[in-house]
K.L.:
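Could you have a look at this structure, given as structure tokens, before my questions?
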Amino acid sequence: MTFRLYDTATREVRDFVPLEEGKAGLYVCGLTVQSEPHVGHVRSAVNFDVLQRWLRVKGFDVTFIRNVTDIDDKILSKAEAQGRPWYNLAYDMKRELDRAYAALNVAPPTYEPLATGHIPEMVELIEQLIVRGHAYAAEDGSGDVYFDVRSWPSYGELTRQGIDDMEAAGDADPRGKRDPRDFALWKGWKKATEPETASWPSPWGRGRPGWHIECSAMAGKYLGPAFDIHGGGVDLRFPHHENEQAQSRAAGHPFASYWMHNAWITTAGEKMSKSLGNSLTIPAVLEKYRGIELRYYVVAAHYRSHVEFSFEALDEAAVGFRRIESFLDRAGVTEAGELPAAFVAAMDDDLGTPAAVAVLYDTVREGNKAADPAPYAGQVLAMLDVLGLHPADPAWGGSGGDDQQLTDAVDALVAGLLDQRAAARAAKDFATADAIRDQIKSAGIEVEDTPDGPKWSLA
RNA sequence: GGUGGGUUGGCCGAGAGGCGAGGCAACGGACUGCAAAUCCGUGUACACGGGUUCAAAUCCCGUACCCACCUCCA
């Protein structure tokens with residue numbers, strides 16, 4: 001079966017046909033490392049991680065590039081406000097981001113390039129644009145270089161907008177621009193307000209790259225002039241992706257064949273931002289929920305649907321996921337089996353994770369009914385693996401030596417109490433039996449009677 | 001002003017012309033000494049008003065409300 005995906009550029013679900021058979025080149029806009037990652041940031045990472053995994057399942061040799069923007073206006077202004085070097089802030093936040101990705105089992109991309117590591121590539125690309133007549137150095141002596149929007153007739157094609165209907169970009173002094181919609185490829189160093197460490201030499205004097213040029217340069221370097229899929233959050237469609245595409249095509253590169261955009265996670269109807277406080281940063285959420293539960297919550301919604309985040313919904317998702325885990329515990333299977341056809345069909349249909357998750361639950365129910373749950377458990381494990389939700393994945397931290405020791409110790413203590421309870425039950429002294437169970441429960445441990453005898457678990 | 005998206009049962013969340021995705025909660029039943037877990041059953045949902053059709057939550061027209069992007073943003 002062919003994988004189909006919704007292409008934002010054409011606004012329709014299309015068969016995925018790679019440029020080169022058996023290979024898939026994927027570029028996703030990562031984060032600007034200027035503050036702690038929150039749930040919304042991670043949704044993008046998880047969504048594209050699922051895409052990457054699915055392409056691999058489909059047999060593609062995937063090259064996945066996800067960049068990190070480590071220099072921009074905000075990083076500079078925040079670092080200055082915090083009284084530390086901008087590169088220190090960027091590096092710290094990058095490490096924080098890596099921790100968040102690891103906590104959610106987001107597999108690393110093939111390569112994760114930093115903007116500041118690709119200044120020469122960007123300069124080269126800007127020079128090409130100037131030669132081709134699509135960019136110009138500002139005539140006001142600022143050292144800025146702009147993309148000439150009027151020189152590129154198809155500007156606006158990605159988001160179906162006419163140039164004259166757009167509002168002007170406000171990221172630079174408009175006096176240096178030929179058209180207010182022209183955007184910066186290169187920003188001249190402002191000696192009075194910016195540190196010299198945030199500037200690099202260029203044919204136009206010291207300066208730093210504009211935001212959009214980095215992705216064009218890095219996608220070109222690692223994936224070539226033409227590649228398959230470009231992804232990012234919906235907010236990036238304009239101006240970022242529109243500009244990327246214009247730049248790259250104006251430089252003679254075909255660029256991306258498909259565009260994918262993930263929707264928002266909102267809180268109280270508004271998109272997440274620092275103004276809502278820090279309650280939804282990944283470290284904060286992980287104090288109350290396991291990474292696997294958060295990931296399940298994200299994966300259970302379709303990537304193009306808005307998700308209204310709430311702790312109630314996250315609770316609910318966690319409860320549902322534990323049902324899957326408890327089935328797996330009971331089945332005691334560790335080998336992944338085959339993927340059910342319905343699951344494959346759901347995933348092939350533009351990564352239909354909601355329908356895929358429904359298949360997951362259907363399989364769990366069948367397994368709970370079956371005399372031998374093993375084959376069903378094998379299927380469940382295979383599906384979870386594709387979604388990055390395999391409970392035994394070492395990414396979740398597993399049970400360390402200390403944990404195992406602790407479990408053994410508790411097991412020994414509880415076993416003694418359960419023996420007493422068994423004796424009481426045998427004597428039909430249910431009052432005593434229940435009292436023992438209540439005592440155990442007050443310590444935070446639940447007891448269940450199963451055909452194989454009583455079992456305990458943390459409540 | 002331009003562009004795009006949304007409004008589904010108590011809640012979360014799919015679907016996109018015709019059998020009520022799935023989950024959570026609730027209720028009834030089975031099982032249990034009682035529970036738990038599990039299984040079975042129970043819902044007459046698709047913003048509003050028109051229309052097309054044998055058939056519409058799904059298509060068309062209109063209305064209302066919400067959101068995003070057009071400035072940095074996943």
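Side-chain atoms are counted along with the backbone in the values below, which use heavy atoms only and exclude waters and symmetry mates. Residue numbers begin at 1 in each chain, while the letters A, B, ... track the order of the sequences. None of the values given here were measured: they were computed from a predicted structure.
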K.L.:
Is the shortest distance from a Lys or Arg side-chain nitrogen in A:R365 or A:D362 to a carboxylate oxygen in the other one below 4.0 Å?
P.N.:
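Yes, charged N to carboxylate O under 4.0 Å.
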K.L.:
Give a yes or no on whether a salt bridge exists between A:K94 and A:E112, defined as a side-chain N under 4.0 angstrom from a carboxylate O.
P.N.:
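Salt bridge between A:K94 and A:E112, a charged N being under 4.0 Å from a carboxylate O: yes.
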K.L.:
Among B:A74, B:C72, B:U38, which nucleotide sits nearest the side chain of A:K74?
P.N.:
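That would be B:C72.
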K.L.:
Could you tell me whether A:R322 and A:D329 make a salt bridge, using a distance below 4.0 angstrom between a side-chain N and a carboxylate O?
P.N.:
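Looking at A:D329 together with A:R322, the answer is no, because their closest N to O distance does not fall below 4.0 Å.
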K.L.:
Using heavy atoms to find the nearest nucleotide of RNA chain B for A:Y6 and A:R43 separately, return the residue whose nucleotide is more 5′.
P.N.:
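Residue closer to the 5' terminus by nearest nucleotide: A:Y6.
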K.L.:
Please confirm whether the shortest side-chain N or O distance from A:R304 to OP1 or OP2 of B:G6 is below 4.0 Å.
P.N.:
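The answer is no; no side-chain N or O of A:R304 sits under 4.0 Å from OP1 or OP2.
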K.L.:
Any residue in residues 98-119 of chain A with a heavy atom nearer than 4.0 angstrom to RNA chain B? Just list them by number, or reply none.
P.N.:
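Here the set is empty: none.
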K.L.:
Using a cut-off of strictly less than 4.0 Å between a heavy atom of the residue and any atom of RNA chain B, enumerate the qualifying residues of residues 415-428 of chain A by number.
P.N.:
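Those residues whose heavy atoms fall under 4.0 Å from RNA chain B, taken from residues 415-428 of chain A in numerical order, are A:R421, A:R425.
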K.L.:
For a quick check of understanding: with a heavy-atom distance under 4.0 Å over all strands, which category does A:A263 fall into, base, sugar-phosphate or nothing?
P.N.:
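Base, at least one base atom sits under 4.0 Å.
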K.L.:
So does A:R323 get a side-chain nitrogen or oxygen closer than 4.0 Å to the phosphate oxygens (OP1/OP2) of B:C39?
P.N.:
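Looking at the OP1 and OP2 atoms of B:C39, one of them is under 4.0 Å from a side-chain N or O of A:R323.
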K.L.:
What would the secondary structure line of RNA chain B be in dot-bracket form, counting Watson-Crick and G-U wobble pairs under 3.5 Å, with [ ] for pairs that cross earlier ones and | for pairs with another strand?
P.N.:
(((((((..(((.....[...))).(((((.......)))))....(((((..]....))))))))))))....
K.L.:
Is any NZ, NE, NH1 or NH2 atom of the basic residue among A:R181 and A:D179 found under 4.0 Å from an Asp or Glu carboxylate oxygen of the other?
P.N.:
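Yes.
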K.L.:
If you measure from the C1' atom in B:A21 to the same atom in B:C61, how many Å do you get, rounded?
P.N.:
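Nearest-Å result for B:A21 against B:C61 at atom C1': 31 Å.
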K.L.:
Heavy atoms from C-beta onward define the side chain here; which of B:A37, B:A68, B:G4 lies closest to that of A:W264?
P.N.:
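Among the listed nucleotides, the one closest to the side chain of A:W264 is B:A68.
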K.L.:
Over all strands shown, is A:S305 touching base, sugar-phosphate only, or nothing at heavy-atom distances under 4.0 angstrom?
P.N.:
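Sugar-phosphate only.
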K.L.:
Contact class for A:G30 vs. all strands (heavy atom < 4.0 Å): base, sugar-phosphate, or nothing?
P.N.:
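Sugar-phosphate, no base atom in range.
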K.L.:
Is the terminal nitrogen or CZ of A:R66 (NZ for Lys, CZ for Arg) located under 6.0 angstrom from the six-membered ring centre of A:F48 and within 45° of that ring's axis?
P.N.:
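Because its charged atom misses either the 6.0 Å distance or the 45° angle limit, A:R66 does not stack over A:F48.
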K.L.:
Would you call A:R330 and A:E448 a salt bridge, taking side-chain N to carboxylate O under 4.0 Å as the test?
P.N.:
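No, A:R330 and A:E448 are not salt-bridged.
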K.L.:
What parts of residues 344-375 of chain A reach RNA chain B, counting only heavy atoms under 4.0 Å away?
P.N.:
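Listed by number, they are A:P354, A:A358, A:Y361, A:D362, A:R365, A:N368, A:K369.
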K.L.:
Tell me every residue that passes ring-ring contact (aromatic ring centres under 6.0 Å, His included) with A:F16, counting only those two or more places apart in sequence or in another chain.
P.N.:
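Here the qualifying residues are A:F60, A:Y258.
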K.L.:
Using only side-chain N and O atoms of A:R11, determine if any of them is under 4.0 Å from OP1 or OP2 of B:U3.
P.N.:
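Checking B:U3 against A:R11, no side-chain N or O comes under 4.0 Å of OP1 or OP2.
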K.L.:
A:H241: what forms a ring-ring contact (aromatic ring centres under 6.0 Å, His included) with it, not counting sequence neighbours?
P.N.:
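Here the qualifying residues are A:H230, A:W259, A:H261.
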K.L.:
From C-beta outward on A:H41, which listed nucleotide comes closest to its side chain: B:A74, B:C67, B:U38?
P.N.:
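Between B:A74, B:C67, B:U38, the one nearest the side chain of A:H41 would be B:A74.
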K.L.:
Nearest of B:A74, B:A37, B:C72 to any side-chain atom of A:D72?
P.N.:
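Selected nucleotide (nearest to the side chain): B:C72.
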